[in-house]
Amino acid sequence: MIPVQEAMDRILAAVTPLGSEIVAIDRALGRVLAEPVVARLDHPPQAVSAMDGYAVRAADVATLPARLRVIEEVAAGSLPNKAIHTGEAARIFTGGAVPEGADTVVIQENCTRDREHVAVVEGSHARGRHIRLAGNDFKQGQVGIEAGHRLTPSHIGLAAAMNWPWLAVTRRPRVAIVSTGSELVHPGEALKPGQIVGSNGLALAAFVNAAGGEAIHLGIARDDESALSALIDRAAGADLLLTSGGASVGDHDLVQGVLKSKGMTLDFWKIAMRPGKPLMFGRLNGMCVIGLPGNPVSALVTSTLFVGPAIARMLGLRGVHPRVMRARLAIDLPANDLRQDYLRAELREDERGLIVSPFGKQDSAMLTALSHSGALVIRAPHAPAAAAGSEIEILRLS
């Protein structure tokens, strides 16, 4: 068995960022930026008013009340036709370009209007007040978003403001998924004696899609070499192949043998962790292969630790490792053995921070506890007993 960190390092060393593709900006949400977004213009392109009011010279309103002649009106999207001179003002609306000669905007609440004149009756009106200068947000050539970011709604807004109708994003990794086991049937099918509903394929597909990949769910292979071989052949062209179950060396564990017969180079199998010990990693014709355990919880926990980071590396994300945090234990925990534990746990928060409470049952076939978990509590090999109230490392689950 190899340590968890070594397994993670070896998997990540084998994967590299994929190529890029161009997508329309309205299709880019959640994608990973492959090239920096650089402003193609100044924003705003000229000085504009931040409020509805009057564009004036600050010197003319230094002493109040001040009576000024209104010479024109400037709406958003239009340019002024006249410059402001001593004793003059322009009615201006939010987003309107500030006329030449004006250096402050008086908000309309501080004014009274009398036909062609406005009286400024209150307020403080220093130079630059309520004016957004040209390039106040960003200037042409300025980098707005670095490559490697997963695009959020605010990123989309910034890229649009920088005048980009399309963006270069990393291609989504194509991840083929094969479940194995003669006992498995698809949800909704009638169960015969000895059969169970297979959940791994759908759960793994959901995990891959949520991580930013493109899941290719190939279905369930019986414990038969020809059936398994046929499904694996359909994974050709994928960037990553995930199998669940059958990666060990029992009489009915056929995955390793079939993959090796097709030319897979085995890197490792068996990790010193719980759940998820029987995990396999190799390469087949340039495609990475991760053989996940068949137990549903083990499959999802190991996906969190290894598949998620591998997809993140393929996407070119800046941070690929699961984020380790600290929380206080709500209960006592016994000393650990030689394997690194990942305990499903409830997570809550009080005024002092995060509190974590591992479930009493940690059976790797019980999905209920995992679906109710907010975190995985990390227990290093040979960790001593930990008392309630002590701090411990966790992986927070989304």
Side-chain angles (χ1 to χ4, degrees), residues 16-56 58 72-84 90-108 126-174 209-214 239 311-320:
T16 56
L18 302 176
S20 64
E21 60 186 7
I22 302 298
V23 298
I25 192 169
D26 62 351
R27 307 287 293 177
L29 181 66
R31 302 295 298 272
V32 177
L33 194 63
E35 298 175 5
V37 173
V38 179
R40 304 170 78 181
L41 74 178
D42 293 347
H43 183 70
Q46 63 275 316
V48 296
S49 177
M51 304 288 284
D52 292 346
Y54 294 86
V56 303
E72 71 169 327
E73 181 174 294
V74 185
S78 64
L79 295 174
N81 297 310
K82 302 175 182 178
I84 300 298
R91 178 71 165 117
I92 197 166
F93 297 90
T94 302
V98 176
E100 181 183 348
D103 56 13
T104 190
V105 171
V106 180
I107 60 174
Q108 60 190 22
R127 293 182 62 186
R129 190 80 183 275
H130 303 310
I131 292 177
R132 297 182 178 125
L133 298 177
N136 179 65
D137 191 358
F138 53 79
K139 296 183 180 297
Q140 184 175 355
Q142 181 178 330
V143 176
I145 316 169
E146 297 282 1
H149 284 287
R150 194 184 295 275
L151 294 167
T152 65
S154 60
H155 287 140
I156 299 298
L158 177 58
M162 288 184 162
N163 203 25
W164 287 98
W166 45 262
L167 295 170
V169 297
T170 309
R171 178 175 63 79
R172 284 191 174 107
R174 295 185 294 268
N209 289 331
E214 179 185 335
D239 302 294
I311 292 174
R313 175 63 58 85
M314 291 179 181
L315 287 169
L317 280 167
R318 294 185 156 214
V320 300

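When every heavy atom of L79 is checked against every heavy atom of A97, the shortest pair comes out as CD2-CB, 3.9 Å. Between I25 and L167, the closest heavy-atom pair is CG1-CD1, 4.1 Å. The shortest heavy-atom contact between A47 and I131 is CB-CG2, 4.1 Å. S78 approaches V74 most closely through the heavy-atom pair O-CG1, 3.8 Å. The shortest heavy-atom contact between A168 and L33 is O-CD1, 3.5 Å. Considering every non-hydrogen atom in both P173 and L315, the closest pair reads CD-CD2, 3.5 Å.
Every side-chain hydrogen bond (donor to acceptor under 3.5 Å, both in side chains) that Q108 has, sequence neighbours left out, goes to R91. Taking the salt bridge (charged side-chain N to carboxylate O under 4.0 Å, His left out) definition, one finds that D52 meets it with nothing, sequence neighbours left out. Under the side-chain hydrogen bond (donor to acceptor under 3.5 Å, both in side chains) criterion, D42 pairs with no residue at all, not counting sequence neighbours. In terms of the salt bridge (charged side-chain N to carboxylate O under 4.0 Å, His left out) criterion, residue partners of E21 (sequence neighbours excluded) are, by chain and number, R31. Annotation: side chain to side chain contact (heavy atoms under 4.5 Å, CB included) contacts of A83 (sequence neighbours excluded): H85, E100. For A102, the side chain to side chain contact (heavy atoms under 4.5 Å, CB included) partners at least two apart in sequence or on another chain are A55, I84, V98, P99. Residues meeting the salt bridge (charged side-chain N to carboxylate O under 4.0 Å, His left out) test with R174, sequence neighbours left out: none. Residues that satisfy the side chain to side chain contact (heavy atoms under 4.5 Å, CB included) test with A24, not counting sequence neighbours, are D26, R27. In terms of the salt bridge (charged side-chain N to carboxylate O under 4.0 Å, His left out) criterion, residue partners of D239 (sequence neighbours excluded) are, by chain and number, R171.
Sequence neighbours left out, the pairs with a member in residues 151-161 that pass side chain to side chain donor-acceptor pair (under 3.5 Å) are T152-S154, T152-H155.
A donor-acceptor contact shorter than 3.5 Å links the side chain of T104 to the backbone of A126. Using modelled atom types, no side-chain atom of W164 and backbone atom of L158 make a donor-acceptor pair closer than 3.5 Å.
The CD1 atom of I92 sits 12.5 Å away from the CE atom of M51 when rounded to the nearest 0.5 Å. Here the straight-line distance linking atom CE of M314 with atom OG1 of T170 works out to 12.0 Å at 0.5 Å rounding.
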Distance-only donor-acceptor pairs under 3.5 Å for side chains of residues 133-151, two or more places apart:
from : atom 1 : to   : atom 2 : distance (Å)
Q142 : OE1    : K139 : N      : 3.1
R150 : NH1    : G30  : O      : 3.4
R150 : NH2    : A211 : O      : 3.2

